[in-house]
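Following: one structure in structure tokens, then a few remarks.
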Number of protein chains: 2
Amino acid sequence: MIQVDTFDLKMLAALQDDGRLTNQQLADLVGLSASQCSRRRMRLEEEKVIAGYHADLAGEALGFELIAFIHITLATHSPDNAKKFRELVNRVDDIQEAYSLTGDADYLLKVMLRDLKSLSAIVNDVLMPHQSVAHVRSSIVLDRLKESMKLPLRALER
Amino acid sequence: MIQVDTFDLKMLAALQDDGRLTNQQLADLVGLSASQCSRRRMRLEEEKVIAGYHADLAGEALGFELIAFIHITLATHSPDNAKKFRELVNRVDDIQEAYSLTGDADYLLKVMLRDLKSLSAIVNDVLMPHQSVAHVRSSIVLDRLKESMKLPLRALER
DNA sequence: GCGTATTTGCATGCACTTTGCACACCATCT
DNA sequence: AGATGGTGTGCAAAGTGCATGCAAATACGC
């Protein structure tokens, strides 16, 4: 685990909020000079504490109005099935996130789609017929209470 | 839904990948001049197609090694309970994402934590005792197969 | 076709970034 | 104490990127 001091934490928190902050703005926020922020930011990028910067697009504005979570149970727990399923997940780019889980479902997928027809297509035409998949249960998101995309860095402060 | 042409889509895709691209880099990627990219980017920001830019922090590097999904069922479906639960979710900043869902669980939470003890604390000390909550089921993430954070913009082309 | 509106590239002044450099601070060893 | 090396800092200057005005080019309506 990498050495990160209070200045770094402040910078990380600020950049989590606004990934395009200039070094000068950062400097004003954390109380260092711009050059120092530049250097520290480079260090954090190089050490991969900052994995990258991404524009956050408004899905609704672009017509992606439907988010759904899909719980998947595999047919059998053979390595072969797991591998095939992984390939499926990576091939379908409507699948935004995929996790393997403890508990009664094997995998949890998050998909972002334009309409119910697309969800139906994914579930009935792509997932259900796939040989590795035994069981599919999908839930549609009714409301997004919270979607912070931010780590609770406050937990790291001392 | 907002008017977005091919240039915009290319820019959005590029900025999804790297939110700190300069206008000049953007220009080279999409085939416009830098000034034009600047103007278009400003437009996309103003029209909230670009909701923001965020640094993507490496959770593991900072000690957040545990991701879990928590399914919640509310005690009763009163508006009062829903409101109380919302407040709870917003207060606890270990809860990164929260959705209300169709299907057999009412809510799905995503938490990012430092260890199992923290998960236990959230589940047993915060969620379970809360008056609005009837049932809690948590699943730990074993593997992250995919975590793209990117919209499949290709669906919008042509 | 002709006029209007929009989009484009270029040029420019301004702001931001990055680098070298000198200095301050701290720990360690003699 | 004093010397030594490492790290972190601000400042200044040179390089780089950004935003805006402007004129040319393109698209659009009638």
Side-chain angles (χ1 to χ4, degrees), chain A residues 1-58 61-63 150-151 153-158, chain B residues 1-58 60-63 149-151 153-158:
Chain A
M1 194 165 140
I2 283 134
Q3 184 91 340
V4 172
D5 68 11
T6 312
F7 288 125
D8 291 325
L9 277 180
K10 280 191 192 169
M11 288 180 55
L12 292 172
L15 286 169
Q16 260 195 140
D17 270 332
D18 181 354
R20 278 189 90 99
L21 283 174
T22 67
N23 291 326
Q24 298 211 15
Q25 291 171 309
L26 224 37
D28 293 340
L29 286 171
V30 308
L32 282 176
S33 67
S35 58
Q36 207 49 22
C37 288
S38 171
R39 280 184 272 247
R40 291 178 94 115
R41 196 157 60 76
M42 278 169 149
R43 207 199 77 216
L44 291 168
E45 287 164 10
E46 242 161 55
E47 287 176 348
K48 306 282 184 205
V49 178
I50 298 176
Y53 302 89
H54 305 287
D56 173 22
L57 306 188
L62 293 163
K150 287 172 207 161
L151 297 179
L153 295 179
R154 249 193 302 157
L156 299 180
E157 287 167 24
R158 160 202 11 235
Chain B
M1 194 166 140
I2 282 133
Q3 183 92 338
V4 172
D5 69 11
T6 312
F7 287 123
D8 292 325
L9 276 179
K10 280 191 192 169
M11 288 179 54
L12 292 173
L15 288 169
Q16 261 196 137
D17 270 332
D18 182 354
R20 277 188 91 99
L21 285 173
T22 66
N23 291 325
Q24 187 57 55
Q25 291 172 309
L26 223 39
D28 294 341
L29 287 170
V30 309
L32 282 176
S33 69
S35 60
Q36 212 46 24
C37 288
S38 170
R39 277 184 271 249
R40 292 180 92 115
R41 197 158 59 75
M42 275 166 36
R43 208 200 76 215
L44 291 168
E45 287 165 10
E46 236 156 64
E47 288 176 348
K48 306 283 183 203
V49 177
I50 298 176
Y53 302 89
H54 305 286
D56 173 20
L57 306 188
E60 315 83 43
L62 293 164
M149 302 297 154
K150 288 171 205 160
L151 295 179
L153 294 180
R154 249 194 303 158
L156 299 180
E157 284 169 24
R158 184 315 357 86

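Computation of the quantities below employed the complete heavy-atom set of this structure, encompassing side-chain atoms and omitting hydrogens, waters and symmetry-equivalent molecules. Bear in mind the structure is a predicted one, so any value in this text is a computation, not a measurement. Letters A, B, ... mirror the listed sequences (proteins, then strands); counts begin at 1.
- Contact detail for B/Arg20 and A/Leu15: the closest heavy-atom pair is NH1-CD2, 4.0 Å.
- Under the 4.5 Å side-chain criterion, counting only non-hydrogen atoms from C-beta, B/Leu21 is not in contact with B/Arg41.
- A heavy-atom distance below 4.0 Å to DNA chain D is reached by these residues of residues 26-43 of chain A, ordered by number: A/Leu32, A/Ser33, A/Ser35, A/Gln36, A/Arg39, A/Arg40.
- If you take NZ on A/Lys150 and NE2 on B/His54, they are separated by 6.0 Å, rounding to the nearest 0.5 Å.
- You'll find the side chain of B/Ile50 stays beyond 4.5 Å of the side chain of B/Met11, heavy atoms only.
- Just one of A/Gln25, A/Lys10, A/Gln36 meets the side chain to side chain contact (heavy atoms under 4.5 Å, CB included) condition when paired with A/Val30; it is A/Lys10.
- With a heavy-atom cut-off of 4.0 Å to chain B, the contacted part of DNA chain C has its first and last nucleotide at C/dT7 to C/dC10.
- B/Gln24 has its CD atom 18 Å from the P atom of D/dG15, to the nearest Å.
- The two residues A/Ser33 and A/Ala27 come nearest to each other via the heavy atoms C-CB, 3.7 Å.
- Interatomic distance, CG of A/Leu62 versus CG of B/Asp8, reported as 10.0 Å (0.5 Å rounding).
- Minimum heavy-atom separation, A/Asn23 to A/Ser38: ND2-CB, 3.4 Å.
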